[in-house]
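Note sheet for the following structure.
Since the structure is predicted, the reported quantities are computational estimates derived from the model, not experimental observations.
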Protein chains: 2
Amino acid sequence: MKKNIQCDNNTCFLCKGCIKEWLPAIAANKKNFAVKKGQVIFSEGDPVKGIYFVYEGNIKVHKKWGADKELIIRFANKGAIFGHRVLGKHATHYPISATALEAGIICFIDMDFFEATLKVNPQFTYQLMLFFADELQEAEHKMRNLAHMPVKGRVAQALISLKEQFGLNPDGHIDVELTRQDLASYAGATYETVFRVVNELLQEKLISTNGKKISIINHDKLFLLTQDDEA
Amino acid sequence: MKKNIQCDNNTCFLCKGCIKEWLPAIAANKKNFAVKKGQVIFSEGDPVKGIYFVYEGNIKVHKKWGADKELIIRFANKGAIFGHRVLGKHATHYPISATALEAGIICFIDMDFFEATLKVNPQFTYQLMLFFADELQEAEHKMRNLAHMPVKGRVAQALISLKEQFGLNPDGHIDVELTRQDLASYAGATYETVFRVVNELLQEKLISTNGKKISIINHDKLFLLTQDDEA
DNA sequence: CGTGATATTGAGAAGGCTCAACAAAGGTGG
DNA sequence: CCACCTTTGTTGAGCCTTCTCAATATCACG
């Protein structure tokens, strides 16, 4: 049995949303796992066992296409919930995969207990519902972008939302370490194309890089790339 | 004041999900509207007033890009909720537009009252949350398709999901009348491209048409187009 | 019978993908 | 510390899908 690392109630989606009386029950029912960089937490088609929360580290949630293509749907960082799509009515298998981007700690809640939590705690259900509404809005925004926005704009959008989600480290770089391949999968384009686009952005001095680290220099112009010309 | 057409409690998402005691309150607070074909119910950027349900007819929920492009996110038919993305935390304006595809009747619930409903009726909140989880799963599925699936597959997918949502009329056609333009916007491609793809599908005898009406002849082969080769 | 909307088809351009080659970097075992 | 090997980065060329634009045809309807 691993050391039971306690969740930080101020950041974890689950604990933050729960009523006080229920917190001991959560503490008793959750299981914390350490994950290694690149470790697959669950994979598309796996039978559903429960819901996950990130305590430390970053997780990518992705969906495969063919043998060697994928789209990264979103990233889950500290405090975030993932695996929650399975709450839907007919969901018996995970529709997506989750992989650790770096070493971290995740917290697992058995599905039955999680559903009990929802029943006991309507306020939490409400919070979850709001969260879903936001996610849905974002997903639909991305759908439109994938359909109509050129790759350059999608990369710009990807960088901006990475910055929003992960923030900056002291030297001004976006505080996450992504492979170019992951950036490409997040933007919904190929490795090579993203590579070229990133070069353009460097040339145009909208961003700068230091190894894998990227920082945004001209946020305004970058943002312009994500807009349609004539609204 | 328009005639107050009562919702059918067995089909409307709202009434079906609500506790009995609350139904009179809903009846007192909802407003039913008749909508004409092509009528815009709300538009991207409009300030949020409330939530809508479809009593009769079909609504398209869409998101613009530039002056003359859009992506149809989903269709709402009898009983369905729409405008619900605005439940998210920072949502003060509709992120999408809703337009009637045909004459129909919609039911409007003021935002404040709807939120009161959620508070009074945790079971409904729970149902809504499940619904969102399903929507989210579907949205993310579509995201991947837009990113990686060729147009032909997307059109096939569009036809299949139209069939699932609207069913067939007595002569076997998908029971909804869509313009080609709308089909194109739903599949995330241009009018001309969709036109050509539809021709291919006719040639291959996977579908047949009668004016705007489309019917699926070979569901299995059509479905194959929506799959990736090597899983 | 005209007029505007929708359908149909073609040619061409462009954006993005594939493939392939090579360079650089980063480990690993000797 | 070096040789080796694997992974990741970098670049070019060509192709293919899809979009764009434009021309004509057909339809709906007053």
Handout entry: B/Phe131/B/His84 aromatic ring centres below 6.0 Å
Key =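 Yes - the distance between ring centres of B/Phe131 and B/His84 falls below the 6.0 Å cut-off.
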Exercise for the section: Return the residues of residues 195-216 of chain A meeting this criterion: a heavy atom under 4.0 Å from some atom of DNA chain C. Order them by number, or give none. Expected result: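 Nucleic-acid contacts, sorted: A/Arg196.
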Problem - For DNA chain C, the residues among residues 145-163 of chain B that have a non-hydrogen atom under 4.0 Å from it - result: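 Contacting residues: none.
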Problem - Presence of B/Lys69 side-chain N/O under 4.0 Å of D/dT18 phosphate oxygens OP1/OP2 - result: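 For B/Lys69, the contact criterion (side-chain N or O under 4.0 Å from OP1 or OP2 of D/dT18) is not met.
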May I ask you to decide whether [X] forms a salt bridge with [Y], counting only side-chain N to carboxylate O separations under 4.0 Å?
X	Y	result
B/Glu204	B/Lys221	no
B/Arg180	B/Glu192	no
A/Lys78	A/Glu56	yes

Practice task
Let me know the distance between CG of A/Leu71 and P of C/dC17, rounded to the nearest Å.
Solution key: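 From A/Leu71 CG to C/dC17 P: 12 Å.
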Exercise for the section: Spell out, as yes or no, whether a donor-acceptor pair under 3.5 Å connects the side chain of A/Arg85 to the backbone of A/Ile96. Expected result: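 Not at all, since once roles are kept as given, no pair shorter than 3.5 Å links the two residues.
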Practice task
Apply the ring pair (Phe, Tyr, Trp, His ring centres under 6.0 Å) test between B/Phe82 and each candidate in B/Tyr52, B/Phe108, B/Tyr55, B/Phe13; give the one that qualifies.
Solution key: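 By the ring pair (Phe, Tyr, Trp, His ring centres under 6.0 Å) criterion, B/Phe82 pairs with just one of B/Tyr52, B/Phe108, B/Tyr55, B/Phe13: B/Tyr52.
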Problem - DNA chain D contacts made by residues 176-193 of chain B, counting heavy atoms under 4.0 Å - result: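 Output list: B/Ala189, B/Thr190, B/Glu192, B/Thr193.
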List every contact pair, protein side and nucleotides 23-30 of chain D side both N or O, where the distance is under 3.5 Å.
none

Handout entry: Axis bend over the full length of the helix from C/dC1-D/dG30 to C/dG30-D/dC1, computed from five pairs that close each end, to 10 degrees
Key =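 Roughly 40°, once rounded to the nearest ten degrees.
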Practice task
Could I get the full list of side-chain hydrogen bond (donor to acceptor under 3.5 Å, both in side chains) partners for A/Ser43, not counting sequence neighbours?
Solution key: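 side-chain hydrogen bond (donor to acceptor under 3.5 Å, both in side chains) list for A/Ser43, sorted by chain: empty.
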